[in-house]
Trainee: 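The structure is given below, and queries will be raised subsequently.
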Amino acid sequence: MITIKNLHASIDGKEILKGLTLEVPAGQVHAIMGPNGAGKSTLASVLAGREDYEVTEGSVDFDGVDLLELSTEDRAREGMFLAFQYPVEIPGVSNVNFLRTALNEIREYRGKEAISAKDFMAMVREKSAIVELDPKLASRAVNEGFSGGEKKRNEIFQMAMLEPKLAILDETDSGLDIDALRIVANGVNKLRSEKNATIVITHYQRLLDYIIPDVVHVLYNGRIVKSGPKELALELEEKGYDWIKAEQEAK
Amino acid sequence: MGYTENELAKDLENQEYKFGFVTNIESDKAPKGLNEGIIRFISAKKEEPEWMLDFRLKAFVLWKEMTEPEWAHVHYEKPHFQDITYYSAPKQSKKYESWDDVDPEMKETMAKLGISMEEQQRLTGVAVDFVMDSVSVATSFKSKLAELGIIFCSFSEAVKDHPELVRKYMGSVVPVTDNFYAALNSAVFTDGSFCYIPKGVRCPMELSTYFRINEGGTGQFERTLVVADQGAYVSYLEGCTAPQRDENQLHAAVVELIALDDAEIKYSTVQNWYPGDKEGKGGIYNFVTKRGVCERNAKIAWTQVETGSAVTWKYPSCVLKGDNSIGEFYSVAVTNNYQQADTGTKMIHLGKNTKSTIISKGISAGKSQNSYRGLVQIHKSADNARNFSQCDSLLMTDECGAHTFPYIECKNSSAKIEHEATTSKIGEDQIFYCLQRGISEEKAISLIVNGYCKEVLNQLPMEFAVEAQKLLAISLEGSVG
Ligand SMILES: Nc1ncnc2c1ncn2[C@@H]1O[C@H](COP(=O)(O)OP(=O)(O)OP(=O)(O)O)[C@@H](O)[C@H]1O
Ligand SMILES: [Mg+2]
């Protein structure tokens, strides 16, 4: 689904991603773990096309298209979705209006006609049930006054509505209570298919008990320095990152 | 897609004023300039009674003594009052009896404006009194309204057919001497609208007037008078667009609202006068005096969406004279490029238990200057008066300005006055969030801005709200910097 080769990216002249290589095939879930400041959110932002970052080297193939050539909105329309670590509030704009606008722009890009109000509302009902999102939240302004956990749940609701090919979840588990964690994870699992892929950025192996990853990667100092099966997450939880740092410094 | 200033400039360049066209209808014009003779000419053209001419001449004498106000936060070249044509009427030998008689070219103009009158009549039930260059050319729904005793006609007709009402109320809210532009208007106004709702009648449809400046160099001096008799209700819509033009055009309207005991008037405006080009050249000067008076238990709500004009100077106000009366002001003012707006409201509390609400949303883009100026005045007699004001400013670039000048004068200690103000810059985070969901930058801005203005847009009648949203989007296209 996505093939990232030797990706270098910097912000304000400071290099954050330093030759990152990663491949996530369709149908798989990959977890990315790593210490604070390693560049996990940066990777997500660069892939989503945030303007502040400058890509200086490397390539990204997204299901056959050159991702780096696309504008931010076209990446989204091609099926890239980012669940934000810190979801943004848009006062006065209802969630449903926001999503309908997004959905229709994506459909237009793909040569489909706009979704009818009836079909849209049916979809809202179906998808909000998947993440057990209070239907009231769907009609409230985007994230405005939402609790931290509600915002995260809303991100997954949006993901369910937009049906992306690749979803990147940036610390979606942080701030969720135990029940919400299970619900959100269930939601993600229900949306998994052979045709899409998921990148889960997390600090806690607990999430990976619910969303079983095919591969776990360690991102350290702007690079993927270790990859392994889901047991790697357990090892990290137990031992922390010091041994990774030591290993890297030894090189 | 963060915009650089250069890209922004290019974008705006490509965006010619949507309604910038001129219709070739021959005009019947007064010579340029202003003197007693011109005023007599206007009055004679309009076949006015003696009392109307007297009113004008008195106003003219007073105006000559007055000086232009300087206090607003705007800078512009003063209009040359002797260089303006004060009367211009579409050359038509006779008035139209029916819609079919209307000049096809005029119909086309209306179609270009997006207001096909047939459509309006059929679909929306809006009665339109279309004012093109000073003379009303078509009035609809009149008979239906007449059944209810509602009078809705051009100001000139009212002067002829309902002199007792006009004489009683004209100048009663905005006296001739109120200000420089009100005095000028009183002397030279050419036409406008008149509306009277009889006792206890609820006007069943939105009454609407579309104003339009059409003749190059013609100053527009409209006059509107709305009277809601005891217990009556009316919702009145005013909207306008104007053609592209080089020289500055002066527009100095006067609007007077009278809400008698238990009456309610909603007055909504979408204003889209030509704002001038990207260098700030041309554009309309919009110096408007709008005021309403509320008697006992009466209510007046002003709602305005202001996107046009080079210079706007406008303070729709409420005099809360009767006990328990209510005044409301909801405003969105957008400025772009070199536009300047100084707008706000005055709430004058005279009666007991009077209540006023002010919600003002300013949006500045380009190099524009946007000021809110509001006065809340609580008189000694106004026991338990209450006011709530909220003034928010949204900045689209680093080069524009937003200013808030709230004045509070309180002479009664039982009053409760609350004022809130915020200034924010449109968030890059918000735009990125939208883009990441597949929404284009233009749409994203439109969503964010409409969300920001929601409290005001919600006050507009449905079809007007849709139009206003589109207008906001057009006015702000590519304006994030
Ligand atoms: N504008 C900037 N200028 C310089 N450095 C920056 C800038 N923005 C981010 N950084 C740095 O980039 C590094 C990577 O940040 P990033 O948010 O990607 O980390 P992360 O792996 O997501 O961390 P966390 O686990 O805390 O979320 C950090 O050291 C951060 O301070
Ligand atoms: Mg992060």
Side-chain angles (χ1 to χ4, degrees), chain A residues 44-54 70-110 140-144 151 154-155 157-159 161-164 167-168 170, chain B residues 1-5 7-8 305 330 332 359-363 390 392-394 420 422-460 465-466 468-470 472-473 476 478 480-481:
Chain A
S45 295
V46 168
L47 293 180
R50 183 138 202 164
E51 288 283 317
D52 310 338
Y53 296 91
E54 192 193 351
L70 296 179
S71 67
T72 308
E73 59 271 34
D74 282 352
R75 294 180 195 199
R77 293 163 185 172
E78 285 287 343
M80 161 89 64
F81 181 91
L82 172 58
F84 285 65
Q85 183 171 1
Y86 305 107
V88 179
E89 300 189 2
I90 310 180
V93 180
S94 72
N95 241 330
V96 283
N97 184 17
F98 177 75
L99 275 171
R100 194 162 173 212
T101 307
L103 196 61
N104 281 336
E105 292 237 336
I106 292 170
R107 289 174 72 98
E108 189 184 329
Y109 180 82
R110 296 178 187 168
R140 262 173 50 186
V142 181
N143 294 323
E144 194 188 21
K151 284 183 184 170
N154 193 27
E155 292 293 284
F157 167 61
Q158 293 187 18
M159 171 179 123
M161 289 292 293
L162 302 180
E163 301 173 325
I168 303 169
D170 192 357
Chain B
M1 303 291 101
Y3 264 86
T4 66
E5 268 307 308
E7 284 167 327
L8 171 66
V305 174
Y330 302 96
V332 172
I359 309 281
S360 161
K361 306 271 180 179
I363 301 168
Q390 187 187 322
D392 298 327
S393 309
L394 185 67
E420 287 173 14
T422 65
T423 301
S424 48
K425 174 121 202 286
I426 190 158
E428 268 175 45
D429 285 349
Q430 288 175 331
I431 292 176
F432 178 63
Y433 193 72
C434 293
L435 292 176
Q436 208 299 308
R437 297 303 187 246
I439 299 171
S440 66
E441 174 153 331
E442 299 292 331
K443 278 231 174 84
I445 291 169
S446 156
L447 268 180
I448 295 165
V449 166
N450 280 315
Y452 167 77
C453 301
K454 198 172 149 203
E455 287 159 280
V456 175
L457 297 177
N458 279 350
Q459 298 296 327
L460 291 172
V466 172
Q469 284 191 19
K470 281 191 206 141
L472 287 179
L476 289 168
V480 170

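Please read these numbers as outputs of a predicted model, since none were measured by experiment. Quick note on labels: first sequence line is chain A, next is B, and so on, each numbered from 1.
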Trainee: Is it the backbone or the side chain of B/Cys434 that comes under 4.5 Å from a heavy atom of chain A, or both, or neither?
Mentor: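 Backbone plus side chain of B/Cys434, per the 4.5 Å heavy-atom cut-off to chain A.
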Trainee: If I measure from the heavy atoms of chain B, does A/Asn104 come under 4.5 Å with its side chain, its backbone, both, or neither?
Mentor: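 When you check distances to chain B, no heavy atom of A/Asn104 falls under 4.5 Å.
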Trainee: State, to 0.1 Å, how close A/Asp52 and B/Glu428 come at their nearest heavy-atom pair, and which atoms those are.
Mentor: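 Looking at all heavy atoms of both residues, the shortest contact is OD1-OE1, 3.9 Å.
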Trainee: Show the nearest heavy-atom pair for residues B/Gln430 and A/Val88, with the distance to one decimal.
Mentor: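 For B/Gln430 and A/Val88, the tightest heavy-atom pair comes out as CG-CG1, 3.5 Å.
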Trainee: Of the backbone (N, CA, C, O) and the side chain (C-beta and beyond), which part of B/Tyr433 lies under 4.5 Å from a heavy atom of chain A, both, or neither?
Mentor: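 Both the backbone and the side chain of B/Tyr433 come within 4.5 Å of chain A.
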Trainee: Between CG of B/Leu435 and CD of A/Glu51, what distance do you get to the nearest 0.5 Å?
Mentor: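 Reported to 0.5 Å precision, the distance equals 8.5 Å.
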Trainee: Need one label for A/Leu162: side chain, backbone, both or neither, based on atoms under 4.5 Å from any heavy atom in chain B.
Mentor: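 Contact with chain B is through the side chain of A/Leu162 alone.
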Trainee: If you draw a 6.0 Å radius around OH in A/Tyr86, do more than 12 non-hydrogen atoms from other residues or ligands fall strictly inside?
Mentor: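 Counting neighbours around OH of A/Tyr86, 12 or fewer heavy atoms of other residues, nucleotides or ligands fall under 6.0 Å, so no.
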Trainee: Does any non-hydrogen side-chain atom of A/Ile90 lie less than 4.5 Å from one of B/Ile448?
Mentor: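 Yes - at least one pair of side-chain heavy atoms lies under 4.5 Å apart.
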Trainee: Testing the basics here: between A/Ala76 and B/Gly438, what is the closest heavy-atom pair and its distance to 0.1 Å?
Mentor: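 Heavy atoms only, the tightest pair is CB-N, 3.3 Å.
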Trainee: With only heavy atoms counted, which part of A/Arg50 is less than 4.5 Å from chain B, the side chain, the backbone, both or neither?
Mentor: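 For A/Arg50, the contact with chain B is made by backbone and side chain together.
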Trainee: Give, as side chain, backbone, both or neither, the part of A/Phe98 having an atom under 4.5 angstrom from any heavy atom of chain B.
Mentor: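 Looking at A/Phe98, backbone and side chain both touch chain B.
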Trainee: Can you find a heavy atom in the side chain of B/Ser440 that is under 4.5 Å from one in the side chain of A/Arg77?
Mentor: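 Yes, side chains in contact.
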Trainee: Run the salt bridge (charged side-chain N to carboxylate O under 4.0 Å, His left out) test against A/Glu78 and tell me which residues pass, sequence neighbours left out.
Mentor: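 Here no residue qualifies.
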Trainee: Is there a donor-acceptor pair under 3.5 Å between the side chain of B/Gln436 and the backbone N or O of A/Met80?
Mentor: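 Indeed, once roles are kept as given, a pair shorter than 3.5 Å links the two residues.
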Trainee: What pair of heavy atoms forms the shortest contact from B/Phe432 to A/Ala48, and how long is it?
Mentor: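 Distance-wise, the nearest heavy atoms are CZ-CB, 3.9 Å.
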Trainee: Supply the atom-to-atom distance A/Phe81 CZ to B/Arg437 CZ, rounded to the nearest 0.5 angstrom.
Mentor: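 Answer rounded to 0.5 Å: 3.5 Å.
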